[in-house]
Amino acid sequence: MSHIAQFTLGFLTAVYLFETYLDIRQHRKFRIQKLPPNIAGLNITSQDKFEKAQSYSLEKSTFSIFTDFIHFIESFVILYYGYIPYLWEKSAVVMENYTNFTTDYEIVHSLIFCGIIMVYQTLKDLPFELYSVFVIEERHGFNKQSLGLFFFDKLKAFLLSVFIGPPILSGVLYLISHTGEHFYIYVFAFVTVVTIVMVTVYPIWIAPLFNKFTPLEDGELKDKVFELAKSIHYPLDKLFVVDGSKHSSHSNAYLIGIFKKRIVLYDTLLKQLEQSEILGVLAHELGHWVFSHTLKHLIISEFYIFGFLYLFSMFIHYTPLYHAFGFHTQPALIGLLLFSLVYEPVDHFFSFFMNIMSRRAEYQADEYACSKGYSPQLKLALSKLSVENKSALILDHLYSTYHHTHPTLLERLENIDNWKTHKKIR
């Protein structure tokens, strides 16, 4: 086995062991059954509700540890025993036997290869998803969808992938093969345009395939939301309520849209919070817009993608990379896949960095909501949503720091209280 393959398998194993260590640390926190005095003193939950939240988190944690182990073994076996080149060869056989193309048509070969992987991944993950939704979520009162709706949504998602994925992948592979050694510039431009188009069309054409979006009925809440948006010059175009309760009793609210700005409220959120608390949540969400958090994260991600593509252009013809994983040819798709595997350490570091940025952005958005006069309402909203969603209240510091994009509830409540003293947005 080459040093490249050894490094990849070694890093894969090291990450799994480290993340499992963190999972076990957090798993122990979920076993605590008595409401800690520091949380009890905040009056945000009861002993009974705390026990139910702990039970929910413990069951999800147990299932996650099990599935992570299965996925690690699967990934290790696939890489160690060379199933990627095996599947590439078998996809060539499928292409020659069932199409009019030969293996000289690399893009078609690549599409068939990805199609086989997509079908495999869908079927492999299905039992885990069914158990998660219809056992764990059902047992703890969150699942609201029928088996028929679940499979219908899966079918729609699969067909969307079939419709959208091949043209995008074909475009990337064509640019890699036909634009010379500086292909990374053209691929980057193409991916950027695709990203903008997808963000634009998603709320208009894609999201409505899975949920019903209804304009919020006229009334005091609608007037106050538009008034809040106008006060910060947010160009709100439409305000929708989405039937999230069709799938789950979890709740949320979000802003979406590049050219036409929209706010979406889950119908479950409207049932769980008072009007002033909903405005506190939206003040937080609008804070993200005021500080351009989404735009900043997008720009950083784009720079990261460009850097990745540039480095890939330096290794696309590096023969030892292909030989390390059992390939004797150098297809562009395989080069991209193998380079991604070797690039995993950088990817992990970048994800961790983005988590840090995201947590800072959440603090800023909270503080902005406070500056608009929604400090008590936001505290109540965050506490209620945490209890209603049975979110974990006791979190291991290392686990939370490594995995979470949001600060813990207790950290956010403390920050809001501190804001009352210094009244500065970080």
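On a predicted model such as this, the values are computed, not experimentally measured, just so you know.
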**Request:** Please identify each residue that fulfils side chain to side chain contact (heavy atoms under 4.5 Å, CB included) with D223, with sequence neighbours left out.
**Result:** none

**Summary of ring-ring contact (aromatic ring centres under 6.0 Å, His included) pairs that have at least one residue in residues 211-238, sequence neighbours excluded** = Y234-W289

Quiz: residues 280-287 side-chain donor-acceptor pairs under 3.5 angstrom, not counting sequence neighbours:
| residue | atom | partner | partner atom | Å |
| --- | --- | --- | --- | --- |
| H284 | ND1 | D366 | N | 3.4 |
| H284 | ND1 | D366 | OD1 | 2.7 |
| H284 | NE2 | H288 | NE2 | 3.2 |
| H284 | NE2 | E362 | OE1 | 3.0 |

**Request:** Could you pull out all residues at least two apart from E274 that satisfy salt bridge (Lys or Arg N to Asp or Glu O under 4.0 Å)?
**Result:** none

**Message:** So, using side chain to side chain contact (heavy atoms under 4.5 Å, CB included) as the criterion, who are the partners of F158 when residues are at least two apart?
**Reply:** M118, V119, T122, V162

Output a table of donor-acceptor pairs, distance under 3.5 Å, between side-chain atoms of residues 251-262 and any protein atom two or more places apart or on a different chain; print 'none' if there are none.
| residue | atom | partner | partner atom | Å |
| --- | --- | --- | --- | --- |
| S251 | OG | Q272 | OE1 | 2.7 |
| K261 | NZ | G257 | O | 3.3 |
| K261 | NZ | I258 | O | 3.3 |

**Message:** Less than 4.5 Å apart, side chain to side chain, heavy atoms only: is that true for Y368 and I232?
**Reply:** yes

**Item:** Within residues 27-61 or reaching into it, pairs that qualify as ring-ring contact (aromatic ring centres under 6.0 Å, His included) - sequence neighbours excluded
**Value:** Y56-H140, Y56-F142

**Fill in**
Sorted by chain and residue number, the side chain to side chain contact (heavy atoms under 4.5 Å, CB included) partners of L380 (sequence neighbours excluded) come out as E277

**Request:** For Y402 and N355, test the side chains for any donor-to-acceptor distance below 3.5 angstrom and give the result as yes or no.
**Result:** no

**Message:** According to salt bridge (Lys or Arg N to Asp or Glu O under 4.0 Å), who are the partners of K154, at least two apart in sequence or on a separate chain?
**Reply:** E129

**Request:** Applying salt bridge (Lys or Arg N to Asp or Glu O under 4.0 Å), name anything that partners D267, two or more places apart in sequence or on another chain.
**Result:** none

**Asked** Who pairs with Q377 by side chain to side chain contact (heavy atoms under 4.5 Å, CB included), at least two apart in sequence or on another chain?
**Response** S276, Y374

**Item:** R28: salt bridge (Lys or Arg N to Asp or Glu O under 4.0 Å) partners, not counting sequence neighbours
**Value:** none

**Request:** Please check if the distance between the ring centroids of F128 and H71 is under 6.0 Å.
**Result:** yes

